[in-house]
Amino acid sequence: MQKGDNHGELWDRVILPNGIIGYVFQNYLKELPDRQIETINVSLDKTELKKGETVKLKVEILPDEAKNHEVEYISSNPRVATVDSTGNIMAIKSGTATITVKAKENNVKGEIQIKVFTPVTGIELTVQNIVMQVGDQFAIKPIVTPSDADNKNVIYSSKDESIANIDTKGNITATREGNTKIIITTEDGGLEKEIDIIVVKKLSQEEIKFDESLKVMQNEITGWDIEKLNVENIKDKIQTLYKIEIYDYKGDELKEGQKVGTGSKIKLVDENNNIKMEYYIIIYGDVNGDGKINSLDLLVLQRHILEIKRLNSLFLKAGNINKNGQNPSSLDLLIIQRHILTLKTIEQ
């Protein structure tokens, strides 16, 4: 409609939806105000979102004449999920939140509740293969990632329970000589990891004896004096009827005088080169396997905590310096820093 422009002009030009043009006397016309928003309907294709997922909220505004009127988007719990000015929802962490779309011109609103969950993405193991003696037990403690996953439960199984079996808590029992595999499966996602198991004959006290300064737990040895940790020092602390071979974490055999670090393997072999037992060396704080604790280990542990490059196997255990069985954290980082600054030596 176009009003008359001249003073006293009472006829207005009107264009109808069908294109017809005409004129209407002003006394017969009354301008109506814009219709306000009466209803807001909101919906999502799914209301359970994975952490880190982004979805677009679907919004219907009624009546149609008000669909371009301004609305605002509100999250009841921005720590769980945020929503931007165009209705994009981002899942931040596990929990629930209500997303509200509210008209700016009145109190009309629409709401929808969402749930955010954190799925399992992986399993980290402190061991990848275990040599056990008949009758021995070994407790495994897989670390399910990420640390805030909603369901960290795992299921254990053995490919041959007559050689080694495992209970629901991760305790392996060696029952007879042979080779098998232990399988760890996450309840969430069905992710799997395997541990190779070799069961050998039980060694007698006459066959092997360790120095009292060492801490031997299953097939892992700690308690080393890292200032003197070389091939000769290790052989001096183990009395055995068998030949001692020592390999670094890469699998290269170490010779006299060479430094020994985390992940190194002590192998006992008989005259026919048959493996009688294997032990692994752990140095708490040495997370790169060079047998030292310095700024390089600090960097490696920082990269693990920031999830840039994750530690695995025995290095994961060496990084858990406070020995609480958990994934290495900033607390372990602090302990290394204090060791480097000679404020407090890491206890092996």
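- No more than 12 heavy-atom neighbours from other residues, nucleotides or ligands sit within 6.0 angstrom of NZ on K109.
- Taking a 6.0 Å sphere around NZ of K202, one finds it holds more than 12 heavy atoms contributed by other residues, nucleotides or ligands.
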Audit row: Q348, T222, side chain to side chain donor-acceptor pair (under 3.5 Å) steps and yes/no:
CA-CA 6 Å; Q348 297 298 324; T222 60; over 6 Å; no

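- For the pair N106 (side chain) and I37 (backbone), a donor-acceptor distance under 3.5 Å is present.
- D286 places a side-chain N or O within donor-acceptor distance of the main-chain N or O of G291, the cut-off being under 3.5 Å.
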Start with the C-alpha gap between N327 and L316, add the side-chain angles, then the distance that decides, and say whether side chain to side chain contact (heavy atoms under 4.5 Å, CB included) holds.
CA-CA 7 Å; N327 201 15; L316 198 60; 3.7 Å; yes

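- Exactly one residue among D84, V101, T86, I114 makes a side chain to side chain contact (heavy atoms under 4.5 Å, CB included) with L57. That residue is V101.
- Distance OG1/T180 to CD/E161: 9.0 Å, rounded to 0.5 Å.
- Atom NZ of K323 has more than 12 neighbouring heavy atoms from other residues, nucleotides or ligands inside a 6.0 Å radius.
- Under the 3.5 Å distance criterion, the side-chain polar atoms of K259 are left unmatched by any main-chain donor or acceptor of K292.
- Looking at Y279 and E220, their side chains never bring a donor and an acceptor atom within 3.5 Å of each other.
- More than 12 heavy atoms of other residues, nucleotides or ligands lie within 6.0 Å of NZ in K215, so this atom counts as buried by the packing criterion.
- Taking 4.0 Å as the cut-off between side-chain N and carboxylate O, E253 and K267 do not count as a salt-bridged pair.
- Judged purely by atom type and a 3.5 angstrom limit, S75 uses its side chain to pair as donor or acceptor with the backbone of N77.
- Proximity of K237 to S213: side-chain heavy atoms (C-beta onward) are separated by under 4.5 Å at one or more points.
- Counting heavy atoms from C-beta outward, V83 and I74 have side chains that stay 4.5 Å or more apart.
- For R176, the CZ atom sits in a packed shell: over 12 heavy atoms of surrounding residues, nucleotides or ligands are nearer than 6.0 Å.
- Between atom CD1 of residue I130 and atom CD of residue Q218 there is a gap of 7.5 Å, rounded to the nearest 0.5 Å.
- The distance from the CD1 atom of I195 to the CD1 atom of I140 is 4.0 Å, given to the nearest 0.5 Å.
- At most 12 non-hydrogen atoms from other residues, nucleotides or ligands lie less than 6.0 angstrom from NZ of K93.
- With a 6.0 Å radius and a threshold of 12 heavy atoms from other residues, nucleotides or ligands, N324 has its CG atom above the threshold.
- In this structure, K51 fails the cation-pi test against F117, since its NZ or CZ atom is not both closer than 6.0 Å to the six-membered ring centre and inside 45 degrees of the ring normal.
- The 12-atom threshold is not exceeded at NZ of K67, counting heavy atoms of other residues, nucleotides or ligands nearer than 6.0 Å.
- With T175 contributing its side chain and I163 its backbone, the two residues share a donor-acceptor pair below 3.5 Å.
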Kindly indicate, with the supporting measurements, whether the criterion salt bridge (charged side-chain N to carboxylate O under 4.0 Å, His left out) is fulfilled by K265 and D248.
CA-CA 6 Å; K265 178 166 58 179; D248 65 15; over 6 Å; no

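- A donor-acceptor contact closer than 3.5 angstrom links the side chains of N322 and N320.
- At a cut-off of 3.5 Å, with distance as the only test, no side-chain donor of E111 or T98 sits close to an acceptor on the other residue.
- Heavy atoms only, all atoms of each residue included: I184 and P142 are closest at CG2-CG, 4.1 Å.
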I'd like to know whether E232 forms a salt bridge (charged side-chain N to carboxylate O under 4.0 Å, His left out) with K255, so could you lay out the CA-CA distance, the side-chain angles of the two residues, the decisive distance to 0.1 Å, and finally the verdict.
CA-CA 9 Å; E232 299 96 307; K255 305 300 181 182; over 6 Å; no

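- In this structure, the side chains of V116 and T96 stay at 4.5 Å or more apart for every pair of heavy atoms.
- Here the shortest heavy-atom pairing between M90 and T54 reads CE-OG1, 3.4 Å.
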Before giving the answer on salt bridge (charged side-chain N to carboxylate O under 4.0 Å, His left out), spell out for E207 and K276 the whole-Å C-alpha distance, their side-chain angles and the decisive distance to 0.1 Å.
CA-CA 10 Å; E207 291 176 284; K276 307 305 291 185; 5.5 Å; no

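- Taking the side chain as every heavy atom from C-beta outward, E53 and K46 approach each other to under 4.5 Å.
- In this structure, K181 does not pair ionically with D160, as no charged nitrogen and carboxylate oxygen lie closer than 4.0 Å.
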Between I198 and N129, is the side chain to side chain contact (heavy atoms under 4.5 Å, CB included) condition met? List the steps.
CA-CA 8 Å; I198 300 173; N129 50 74; over 6 Å; no

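- Using a distance-only test at 3.5 Å, with no hydrogens or angles considered, a donor-acceptor pair links the side chain of D297 to the main chain of N294.
- A distance of 15.5 Å separates NZ in K193 from CD1 in I182, rounded to the nearest 0.5 Å.
- In this structure, a donor-acceptor pair under 3.5 Å is present between the side chains of N288 and D290.
- Heavy atoms only, all atoms of each residue included: I40 and K102 are closest at CD1-C, 4.2 Å.
- Closest heavy-atom contact between M132 and D136: CE-O, 3.3 Å.
- D45 has a carboxylate O that lies under 4.0 Å from a charged side-chain N of K58, or vice versa, which qualifies the two as a salt bridge.
- Rounded to the nearest 0.5 Å, atoms CG (L314) and CD (Q128) are 8.0 Å apart.
- Between E105 and R35 there is no salt bridge, since none of the side-chain N atoms of the basic residue sits less than 4.0 Å from a carboxylate O of the acidic one.
- Looking at T118 and S94, their side chains do bring a donor and an acceptor atom within 3.5 Å of each other.
- The distance from atom CG of L334 to atom OG of S329, rounded to the nearest 0.5 Å, is 9.5 Å.
- Judged by distance alone, with hydrogens and angles left aside, the side-chain atoms of R303 form no donor-acceptor pair with the main-chain N or O of K309 at under 3.5 Å.
- No donor-acceptor pair closer than 3.5 Å links the side chain of H339 to the backbone N or O of T345.
- The distance between the ring centers of Y247 and Y280 does not fall below 6.0 angstrom.
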Please report the C-alpha distance between N274 and V269 in whole Å, then the side-chain angles of each, then the deciding distance to 0.1 Å, and finally whether the side chain to side chain contact (heavy atoms under 4.5 Å, CB included) criterion is met.
CA-CA 5 Å; N274 296 316; V269 296; over 6 Å; no

